[in-house]
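In this chain, residues are counted from 1 in sequence order.
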Amino acid sequence: MRIIQLWLTLFSIFLLPFTGSAQEKDTCLSGHLPDYPLPKGVSAPFAGFIGDWLVVAGGCNFPDIPASEGGKKVYYSQGYALDTHAASPQWLPLPDLPYPVAYGASVETPQGLVCIGGMNADSCLTQVYRLTWNEAEGFSVQHLPALPETIDNASATRAGNNIYVTGGNQQYGQNNLYTLNPETDSVWTKLTPYPGPYRVQPVLAAGKNHLFLAGGFQSFPESKTCILSSDLLEYDIHSGQWKQSTQLPSEKDGQPRCLVGGTGVSLNNQIIFTGGVNYKIFQHALEGKAGKDYLQHSPEWYRFNDDLLLFDFQNGTWKILYDIPGMARAGGILLHHNHTLYMICGELKPGIRSAQITTYPLNK
């Protein structure tokens with residue numbers, strides 16, 4: 001069963017900048033990078049590095065009336081790029097995407113940033129394209145083979161020359177895993193579906209010869225129940241088999257994590273996860289127990305995850321760096337470039353986006 005409408009009502013409302021001391025702490029890690037040019041920020045954009053260019057495109061927000069007052073969500077086709085090594089970095093406009101889009105998946109490749117699926121106010125999408133850059137022509141948009149079905153709110157990663165995408169809302173109601181080598185393949189190949197419930201808004205990341213699928217949720221609106229996945233599935237690329245790898249580490253208070261709307265990046269022998277909603281608060285929202293004032297609280301009340309969860313996939317062990325300012329985003333994109341983590345935009349509370357680009361040097 002597709003759950004887009006429920007997700008739009010709850011999570012897309014999910015994802016104003018912090019005020020007071022929280023904002024000050026966030027700003028101290030923002031480095032020299034200016035805010036994203038759309039003043040109210042976006043959630044669920046495509047984002048990645050092409051060389052030293054930080055590229056962000058698409059996404060959505062509530063530009064006029066807040067979501068809490070019944071505002072209309074707007075999807076964007078605009079994109080911008082910023083040279084992170086420039087003395088005074090400035091955002092430059094990209095060629096528009098073929099259509100407004102958010103809630104897709106993006107993957108960095110040596111040839112450019114691959115943008116996969118997603119949705120907008122009119123439809124869910126199969127289109128795939130690549131944003132490229134060269135010194136002579138600047139930025140351009142290249143079309144790649146379309147997905148076999150519409151997929152939104154999924155996650156994607158790259159292992160070797162192959163791109164993998166899974167999770168999210170899939171047109172045929174399955175848990176399919178697809179792969180494509182953009183340089184050699186003309187169609188996507190369907191691999192072994194992941195086991196268990198749907199995983200909308202999960203995080204997919206690659207280790208050595210393995211994929212790791214973390215968190216996500218499935219909702220049953222008729223019964224006002226849901227399944228929030230608090231584990232990590234592992235896919236062996238060579239054997240084509242899935243297994244449960246481990247549980248996500250618990251919160252400080254012992255509550256489980258679901259990483260819904262979270263993000264992650266592979267780095268050496270680790271995967272770094274962060275962001276996403278709070279398990280218990282999101283569960284109550286999906287089950288209709290959040291209360292009529294659900295959208296009226298301060299950002300801190302929603303307890304979006306601001307911990308860095310470091311999973312050593314060789315040893316199967318976790319390390320946690322708690323309370324990292326600027327990481328409490330849902331629908332943000334975590335990137336790694338030149339020994340620095342970048343958190344790109346995202347939501348700070350239901351319906352309120354951030355235009356801030358948070359940086360976190362890994363020598364911390």
Side-chain angles (χ1 to χ4, degrees), residues 7-8 10-20 22-49 54-69 71-82 84 89-94 96-97 100-104 106 113 115 118-121 153 201 261-263 274-277 295 297-300 302 304-306 324-335 341-360:
W7 189 89
L8 287 173
L10 292 173
F11 187 80
S12 68
I13 292 180
F14 263 104
L15 291 174
L16 239 164
F18 281 120
T19 58
Q23 188 179 41
E24 291 166 6
K25 288 192 294 182
D26 199 5
T27 302
C28 76
L29 291 180
S30 295
H32 65 290
L33 298 184
D35 286 355
Y36 192 61
L38 290 174
K40 295 190 177 182
V42 293
S43 68
F46 299 121
F49 275 90
L54 171 58
V55 173
V56 184
C60 58
N61 65 15
F62 295 85
D64 302 315
I65 301 173
S68 59
E69 300 175 17
K72 181 180 179 181
K73 181 189 295 184
V74 173
Y75 293 81
Y76 294 95
S77 60
Q78 294 100 315
Y80 297 86
L82 179 146
T84 55
Q90 300 294 324
W91 291 98
L92 303 176
L94 295 171
D96 280 356
L97 303 179
V101 59
Y103 309 114
S106 47
L113 182 67
C115 304
M119 62 182 293
N120 55 36
N153 294 288
Q201 288 273 339
T263 180
T274 194
V277 302
L295 300 179
H297 302 288
S298 66
E300 293 80 4
Y302 300 91
F304 286 2
N305 175 46
D306 62 358
I324 306 301
M327 297 296 168
R329 313 276 179 89
I333 308 296
L334 185 70
L335 304 173
L341 296 178
Y342 292 73
M343 174 61 87
I344 311 301
C345 296
E347 299 186 349
L348 299 174
K349 61 165 284 184
I352 304 299
R353 275 59 172 165
S354 173
Q356 198 167 65
I357 309 299
T358 298
T359 61
Y360 185 80

Rounded to the nearest 0.5 Å, what's the gap from [atom1] on [X] to [atom2] on [Y]? Could you check?
X    : Y    : atom1 : atom2 : result
M343 : I357 : CE    : CD1   : 10.5 Å
N61  : R353 : CG    : CZ    : 6.5 Å
S106 : F46  : OG    : CZ    : 6.5 Å
Y75  : L97  : OH    : CG    : 14.5 Å
I344 : L335 : CD1   : CG    : 5.0 Å
K72  : C60  : NZ    : SG    : 13.0 Å

Please check: side-chain N/O of [X] versus main-chain N/O of [Y], any donor-acceptor pairing under 3.5 Å?
X    : Y    : value
W91  : D35  : yes
Y103 : G59  : no
S354 : L348 : no
D306 : A328 : no

What's the shortest heavy-atom distance between [X] and [Y], and which atoms?
X    : Y    : value
G332 : T263 : O-CB, 3.5 Å
A330 : F304 : CB-CE2, 3.7 Å
L38  : A355 : O-CB, 3.7 Å
K349 : H297 : NZ-O, 2.5 Å
P89  : P34  : O-CG, 3.5 Å
G118 : V101 : CA-CG2, 4.0 Å

Exercise for the section: Could you tell me whether F49 and Y342 have their ring centroids closer than 6.0 angstrom? Expected result: yes
Report yes if some heavy atom in the side chain of [X] is under 4.5 Å from a heavy atom in the side chain of [Y]; otherwise report no.
X    : Y    : answer
I324 : T274 : no
Q356 : L33  : no
V277 : N305 : no
V42  : Y76  : yes
Q78  : D96  : yes
Y80  : L92  : no

